[in-house]
There are 2 protein chains.
Amino acid sequence: MNVTAFKRRKEFGKTLASDIAHRMRNEIVTCRLKPGEVLKFDTLRLAYGASFTTLREALTCLAAEGLVVAEEQRGFKVAPISLSDLIDLTRARILIEVDLIRRSIENGNDDWEIAVISSIHRLGIIEGREVEDYADNPEWKLAHREFHESLVAACGSPTLLGIRQSLFERAERYRNISARFRPRPRDKAGEHRALMKAAVGRDADRACELIARHIQNTTDNVIKYASELFSQN
Amino acid sequence: MNVTAFKRRKEFGKTLASDIAHRMRNEIVTCRLKPGEVLKFDTLRLAYGASFTTLREALTCLAAEGLVVAEEQRGFKVAPISLSDLIDLTRARILIEVDLIRRSIENGNDDWEIAVISSIHRLGIIEGREVEDYADNPEWKLAHREFHESLVAACGSPTLLGIRQSLFERAERYRNISARFRPRPRDKAGEHRALMKAAVGRDADRACELIARHIQNTTDNVIKYASELFSQN
DNA sequence: TCAAGCCATATTTTCGAAAATACTACCGCT
DNA sequence: AGCGGTAGTATTTTCGAAAATATGGCTTGA
C-alpha cells in the first residue's frame, strides 16, 4: 500500500503548512514566541525548515485566528498583548460560552453527560498527582481544555464552536503569562466541579452564571498579577 | 516619490494575494462561484492570472472566513450551503449583533449618531431611485452593509466586530440566493428606519428586539423562497 | 461479475530563485 | 543643524518548475 511518507514528521494534519501552523500556534500560546515579536522569514525558515511559501500559508492561517498580525508589505509579527485586548476577549468569550453552555445543557444526551463527567475525572487525576502548580503542566492544560470543550460540545453550533476555540487559544496565552508570575495557583478545581454538577444536573441558569464568573475570575487574576507586562493601549 | 506600481491593478489591499482574496470573496458571496464548486488551481490560475502560491494564500484566507473549505491534499471548494448552516449562522449572528448594538448604544457619542443617520439616509436615496427590486443593486448592498455596520460601530469590541463581519458575509450569500427567487422584495426600509430611531433614541432594549427580528425575518424569507436549493444535511 | 492491486494521469503541495517593495544611511542643500 | 532626496541593503511577495499525493481506469484472479 501507499507508505505514507515519513520523510517529514507531520504530527498534526496532513500538509506541512498545517503542521507548521500547529507548531507555531503552540509556541505563540506558550509565549516561546513573544507578543509583538517580528517574524522574519529568514529566521523562520531556519527554525522550521520550510520554504517562504509554506511559512506564509501557516502565518496567514494564524493571522485569521488572531495570534499573528499581518502588516501588508511589512511582514508578520506575533499579536501583541494588551489590557484592552484581554478585556475585549474576555467579554466576547463570556457572551459566546454562556450561550453555548445553555444550548449544550438543553440538547445534551446521555453520551454528553458521560463525556463531561469523564473529562473532569481525568482533570482530577492529573491535579491529584502534582502537589505543585499543576497549571504549568501541558497535560493538565490539555485536560482542562477538553473539560471546557466537553461542556459545550452538545450545543449544536459548529460556527460558534469554531469561534470559541480560537478565542480560547488567544486567552490561553494570557493565562500562561499570569501563571509565571502569580504567587500560587487559584483553586480552580472547585469551580470546575461546580460547573460539572450544574451541567449534568441540567441547571442551565446556574451553569451560565458559573461559567461567566469562572472566565471573569481567571481574567481578574491575570490582570492582578501580570497587567504590568502589557502595553498600554 | 515612490510611484506605487500600476503594473498590476490592486483594487483592495496592497498585496496581490489580498486583492485576489477580495475578488474571490465577492464572487462567492454573489454566487458567481457556486456553493460546493471545486476550485482547481489550473482553472483559478487562468481566471485570476496569479500563481499557485498566491492563489493558495487567498484561499487559505477565505477558508478561515468560512466561505471556502479546504480538504487537505484534496484541494479547495466553495463552502456548500445548507439549511442547517443557515440556521446555525442566523442564531450566531443574532447572539452577537444584539450584544454589539446594545453596547454601541451605551457607548456611542454624537459622531456615532450622525454616522447612523447619514448612512440610513444614503440607503433611502438609493431605494428611492429604483422602483424595481433594489436589493440586486450592488450600490444598495454596500449602503445596506454600511448602515448595519454603523449601528454597531461604537460597541468597542474589535474582536466581535471582526467575527460579525465574516458572519455577515456568509449570510449575504444566502440573501443573494433568495433575492433571485422570491416574488417581490420584502419591505426592509421600515425595519431599518425603526432600528435607526431606536438607536439614536438610545432605546437599547427596543433596538435589540428589532435587530433580532430583522435578522430572523430575513432568514425566514430565505427559507421560504429558496430552501429547496439547499442540500439536506 | 466482482473485488483488489497497480499503473498512468490529474492535481495539489512544496521549493528556491527572481521581482517588488520597504527600510537605512548617507549626501547635498537651505 | 535640519530637511529632502537618493542609492544601497534588507525583507517581503510572487513566480513557475519539481516533488508529493490523490484519482480513475485497467488488468488479474477468484
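Here is how names work: the chains are called A, B, and so on, in the same order as the sequence lines, proteins then strands, and each is numbered from 1.
Atom pair B:K14:NZ and C:dA20:C1' shows a separation of 13 Å (rounding to whole Å applied). As rounded to whole Å, 13 Å separates atom P of D:dT11 from atom CZ of A:R45. Here C:dT21 presents its C1' atom at 6 Å from CD of A:Q73, a figure rounded to the nearest Å. Here D:dT14 presents its P atom at 15 Å from CZ of B:F41, a figure rounded to the nearest Å. One can place CG of A:L55 at 8 Å from P of C:dC15, the figure rounded to the nearest angstrom. D:dT11 atom P lies 16 Å from atom CZ of A:F76, rounded to whole Å. A:K40 places its NZ atom 12 Å from the C1' atom of C:dC23, with the value rounded to the nearest Å. Per the geometry, CG belonging to B:D42 stands 9 Å off C1' belonging to C:dA10, to the nearest Å.
Dashed line: the shortest gap from a side-chain N or O of A:R74 to OP1 or OP2 of D:dT11 is not under 4.0 Å. In this structure, A:T54 reaches the C:dC15 phosphate: one of its side-chain N or O atoms is under 4.0 Å from OP1 or OP2.
Looking at heavy atoms from C-beta onward, B:Y48 lies out of side-chain contact with B:L16 at the 4.5 angstrom threshold.
Nearest to the side chain of B:F52, among D:dT14, C:dC15, C:dT12, sits C:dT12.
A:L44 comes within contact range of no nucleotide atom at all, as no heavy-atom separation falls under 4.0 Å.
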Can I get a per-line list of side-chain donor-acceptor pairs under 3.5 Å for residues 160-167 of chain A, giving both atom names and the distance, sequence neighbours left out?
residue : atom : partner : partner atom : Å
A:R164  : NH1  : A:E97   : OE1          : 3.2
A:R164  : NH1  : A:E97   : OE2          : 2.9
A:S166  : OG   : A:I163  : O            : 3.4

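Note on residues 30-41 of chain B: pairs passing side chain to side chain donor-acceptor pair (under 3.5 Å), not counting sequence neighbours, are B:E27-B:R32.
Atom CG of A:N109 has more than 12 heavy atoms from other residues, nucleotides or ligands within 6.0 Å.
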